[in-house]
Amino acid sequence: MPELPEVETIRRRLAPRLTGKKIHRVRVRRGSRLLRDTVGEVALKKALEGDAIAALGRRGKYLLLALESGNFLVVHLGMTGALYLRPKNAKPPPHTHLRLEFEDAELMLVDPRTFGRVFLVRGGELDSHPALSKLGPEPLDRSFTARELGLALSRRKAPLKAALLDQRAVAGLGNIYADEACYRAGLSPLGPASRLSAGEVKKLHRAIRETLTEAIKFKGTTIRDYRWDAGRSGDFAKRLLVYGRAGLTCRRCGKAINRVVLQGRSAHFCPGCQGRVPKS
DNA sequence: CTTGTGCCCTGACCGC
DNA sequence: TGCGGTCAGGGCACAA
């Protein structure tokens with residue numbers, strides 16, 4: 001569900017509310033699939049209880065809860081994951097997998113489809129953790145350059161969109177923003193990633209950053225599940241230019257937006273604005 | 001190494 | 001009101 005802008009929105013929402021809070025009690029749903037990558041349930045509780053939240057970070061689509069002990073609780077929300085900060089003793093919604101109880105509030109991790117995951121990383125092992133070690137650059141970091149993007153893409157024969165969804169090229173793009181970035185850059189998502197000119201790479205680099213920045217400004221995109229807090233939707237959906245607009249007219253050229261299936265996921269693009277569609 | 005496919009799940013929605 | 005089919009913001013294991 002959530003891509004970089006949604007995770008970043010959640011991080012910004014929670015950071016001031018969680019920082020410094022001590023974890024009094026941890027409750028986990030027994031046998032939860034979300035915990036499959038972490039130490040056991042008992043060890044997780046033992047590690048977290050009594051610790052406190054020092055800061056909230058983000059790496060790609062991963063939310064990082066930095067603890068005062070130096071450990072990290074790392075959360076990936078998968079497709080339908082959500083984090084709700086509720087008053088203590090609020091009734092947990094269905095599909096609540098993890099509850100962190102603070103003095104006056106409780107953080108609940110809810111995830112119906114259970115594609116999300118949670119793991120505990122010992123201090124200093126964050127960068128070497130298998131889930132995080134292969135992530136590409138943060139697209140909104142100043143250090144992320146068009147040159148770097150071009151280099152990563154030049155090695156890929158796959159369609160551009162497939163390369164963008166690969167978190168090793170850039171961290172944080174998902175199905176929505178990969179489509180939107182391709183559109184804004186005027187590039188076909190179906191063309192080979194390695195064939196971009198330097199100018200096209202530059203446009204794509206700018207498009208990625210602008211799309212993500214604007215989406216964060218609007219608190220992300222809610223299609224159905226995503227909430228940045230209980231009941232609160234992101235407003236970027238109405239600004240989408242291609243994603244979910246198959247058959248509707250392109251706002252720029254008026255042609256009908258196409259939808260094709262690419263690597264098992266839908267890709268949306270404007271045949272008029274996004275170059276030739278290569279014949280296969 | 002690369003690339004594409006199928007699968008892990010639940011639930012919403014649509015047409016019959 | 002069912003009931004089956006389709007689809008969904010992700011990522012991993014696997015085969016070729």
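Keep in mind that this is a model prediction, so the values were computed, not measured.
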Under the side chain to side chain contact (heavy atoms under 4.5 Å, CB included) rule, collect the residues that match up with [X], sequence neighbours excluded.
X       : result
K134(A) : R168(A)
A66(A)  : A55(A), F72(A)
T249(A) : none
R224(A) : none

Between dG11(C) (P) and L132(A) (CG): distance, integer Å: 11 Å
Residues two or more places apart in sequence or in another chain: which of them pass salt bridge (Lys or Arg N to Asp or Glu O under 4.0 Å) with E106(A)? R27(A), R99(A)
With sequence neighbours left out, the residues meeting salt bridge (Lys or Arg N to Asp or Glu O under 4.0 Å) with E180(A) are none
Taking salt bridge (Lys or Arg N to Asp or Glu O under 4.0 Å) as the cut-off, I'd like each qualifying pair that reaches into residues 182-191 of chain A, sequence neighbours left out, listed once. R184(A)-E214(A)
Which residue pairs satisfy the salt bridge (Lys or Arg N to Asp or Glu O under 4.0 Å) criterion with at least one member in residues 143-157 of chain A, sequence neighbours excluded? R156(A)-D166(A)
Which residues in residues 161-175 of chain A have at least one heavy atom lying under 4.0 Å from any atom of DNA chain C? Q167(A), G174(A), N175(A)
Identify the 5'-most and 3'-most nucleotides of DNA chain B with at least one atom closer than 4.0 Å to a non-hydrogen atom of chain A. dT2(B) to dG11(B)
Watson-Crick or G-U pairs under 3.5 Å in DNA chain B, rendered as dot-bracket with [ ] for crossing pairs and | for another strand: .|||||||.|||||||
Mapping R224(A) and K157(A) to their closest nucleotides on DNA chain B, which lands nearer the 5' end? K157(A)
When the P atoms of dC9(B) and dC3(C) are considered, how many whole Å apart are they? 23 Å
By side chain to side chain donor-acceptor pair (under 3.5 Å) - contacts of D37(A) (at least two apart): R117(A)
